[in-house]
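What follows is one structure encoded as structure tokens, with my remarks underneath.
One-based numbering along the sequence shown. Read the numbers this way: they start at 1 and go in the same order the structure lists the ligands and their atoms.
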Amino acid sequence: MSWRRRPWRPNWGLGEERRIPRRDFLQGTLIGAASALCGPLLRAYAADADAASMAAPQDQPGYYPPTLTGLRGSHPGSFEAAHALRDGQDAGPGTDTRETYDLVVIGAGISGLSAAHFFRARFRRDARILILDNHDDFGGHAKRNEFHLAGGLQLSNGGTLEIDSPRPYSRVAEGLIRELGIDVEALSRKVENHKFYRSLGLQHGSFFDRETFGADHLAVGTGALPMRRVLGGAPLSARARADIERIEEGAIDYLPGVPSADKKLQLSRISYRDFLRDLVKADSQTLAYYQPKSHGEWAVGIDAVSALDCWAFGFPGFRGMHLEGGSIPRMGYTPSGYKDTGGSATLHFPDGNATIARLLVRSLLPEAVPGGSAEDVVTARVDYGQLDRADSSVRLRLSSTVIGAHHIGEPSSAREVELRYVRAGRVYAVRARGCVLACYNMMIPYLVPELPEMQKAALHSLVKSPLVYSSIALRNWQAFSKLGVEQIYAPGCYHYETVLNPKVDIGTYRSASTPDQPMLLRMVRVPCKPGLPEHAQNKAGRAELLQTPFATFERNIRDQLARMLRHGGFDPASDIEAITVNRWPHGYAPEYNPLWDPELPPEQRANVRARAPFGRMTIANSDSGAAAYTDSAIDQADRAVNELLRLYA
Ligand SMILES: Cc1cc2nc3c(=O)[nH]c(=O)nc-3n(C[C@H](O)[C@H](O)[C@H](O)COP(=O)(O)OP(=O)(O)OC[C@H]3O[C@@H](n4cnc5c(N)ncnc54)[C@H](O)[C@@H]3O)c2cc1C
């Protein structure tokens, strides 16, 4: 038996001691220092800080955050000032920059960038706009992870994966995407090879871990082979095996004799877990197998999502239920059966929807993003030094957390707003004729205490769900090739999903085509606490994420890959080149969930009450659309800009 065939045990050669770039390095130079300086809460507000030594990272020559590894997403240094504000720390008035703008946008996610784009197009091409974001890169969730492996560029999405929605794109969102040069269907046909891994004989697999199921086992062929064959060697009881086969392949009506409309109503009142347990009569091992199946769609397990929404998204078990297509009010963002109506067309760029963010920045600041097409932007190197130039009408200022916004005078008659933000440990103030708050909606009451109490309560309730997308750079993907697997569902593990980077060749970008080449993996973790109400689960998960050091993520990544790929000869000590953990304590925008939310007409829901304009301030972000999708972020920007422009006549 070779070394690689020995059963893997903790502490055997996981390779954590290897010198992989595990903290924030920029082209070999440690740049975490500057952001670390604004980390500690009190120092975030240090009025007497030495300005020269507190320069924000964006101001440093050669600054290029997409290549940073270690803890990304909500990275250290990005959230401490906001949490200090939440905890009641007073930052003081701040230094007046004497800068004035036509518009200040809070948040450089897709919503904020779209708001700047729409404002310039509808108000004036030379409108003076400042965009502020607390992160060290723009894009919000649309985050680019960039690796240079064996001399070649490899890209993955640190957050938002693709252009995709269960509903067709609105005219506005589709129009913007087209204006940016993206023809979703044509480009998808040209650059994406969905069948690539299949053509190499790779399939989906499920990993059963010993802690949950009693033994480590990788079952390959889910979705392609009969479940009886797939689950042949799985550590499951005969009953669980039969249950899973029945759920995946059977056609049983679990509510015989009940009309479709009544069935749908019943299914909207129970979780998918309850459906499996009480109607399908699945046993506990089967429930454990399906528990994280809804993590990718809703960032919470099957105990907190309605069975009807799971039906609409094509989950198994409903084939024999004869449910008619069409939506009912008690459905989440799954209007009439995603699989029935088809949602939007889909397209995955190698860095996900970071390409949309980069194209928006190109439209606002052409000198920062070289090139002229949606294909060449993929390999374009953004010149971050161009983002915040004093002589530019549009300025994008990173590492800048807004901590206050108020009207100069009465909100109903004011002509200006003033915003304060923390950057590199100092507080600054700017003024503008108006402001779009495209940031997380739940923090707006802290920024604008003068808002009506009812609106503040609605805003506070819009809290995003946490999740983690880790990008793992591998020396090669021979283990996947040997095992015949391209994607692994691991219901009991730290990361519930592991996926090989999609095959997309676009412009001059080439993704890996042979197993001996470097490859990026995406591993997804959703921290939640089954059994609690949805928002309590999210809260516990968010706290867990913020307390988890990089070393814990790294160890779990190495351990899980070693165990899942053991029989493919995977060696975590030598096969892993780099790890980027994109943690998103504020990830998916909250959507209507019929299990937990009051049944209200759409126009009375919290997101609608929350987004009411307030004087010269309007509210965007996907939160205000109650949909964790890019088109929602764009639509909300469109609305917020139109509301504001009514005051600019
Ligand atoms: C892991 C993940 C995967 C996803 N996958 C998809 C997908 O495949 N397809 C899809 O359509 N959607 C997806 N989404 C949903 C995604 O949220 C939207 O697509 C969209 O990117 C949201 O954009 P936004 O501008 O509304 O919000 P955000 O991207 O959150 O941008 C808001 C920005 O405001 C900043 N901000 C907050 N407070 C302040 C402050 N006080 N001062 C300054 N800045 C502040 C935030 O840090 C952030 O950068 C995904 C989301 C996540 C988290």
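For ligand 1, the atoms sitting less than 4.0 Å from at least one non-hydrogen atom of Cys439 are 34 (O), 36 (N), 37 (C), 38 (N), 39 (C), 45 (C), numbered in the order shown with element in parentheses. Numbered from 1 in the order shown, with element, the atoms of ligand 1 that lie under 4.0 Å from a heavy atom of Leu161 read 5 (N), 6 (C), 7 (C), 8 (O).
The nearest protein atom to atom 42 (N) of ligand 1, hydrogens excluded, is given as Val402 N, 2.9 Å; this is a heavy-atom distance. Closest protein heavy atom to atom 47 (O) of ligand 1: Asn134 OD1, 2.6 Å. The protein heavy atom nearest to atom 22 (C) of ligand 1 is Ser622 OG, 3.5 Å.
Counting only residues at least two apart or in different chains, salt bridge (Lys or Arg N to Asp or Glu O under 4.0 Å) contacts with residues 578-591 are absent. Applying the ring pair (Phe, Tyr, Trp, His ring centres under 6.0 Å) test to pairs two or more places apart or on separate chains, those with a residue in residues 614-644 are Tyr333-Tyr629, His407-Phe614.
Here's the thing with Tyr588: none of its N/O atoms is less than 3.5 angstrom from an N/O atom of ligand 1.
Figure legend: cation-pi geometry between Arg86 and Tyr446 absent, as NZ or CZ is not positioned both under 6.0 Å from the six-membered ring centre and within 45° of its axis.
Across Pro445 and Met442, no two heavy atoms sit closer than the pair CD-O, 3.4 Å.
Between atom 30 (O) of ligand 1 and the options Met443, His141, Arg397, the minimum heavy-atom separation is to His141.
Residue Lys539 places its NZ atom among 12 or fewer non-hydrogen atoms of other residues, nucleotides or ligands, all under 6.0 Å distant.
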Requested in this report: Take Asp183 and Arg189, measure what salt bridge (charged side-chain N to carboxylate O under 4.0 Å, His left out) needs, and give me the verdict at the end.
Outcome: CA-CA 10 Å; Asp183 179 334; Arg189 272 196 303 276; over 6 Å; no

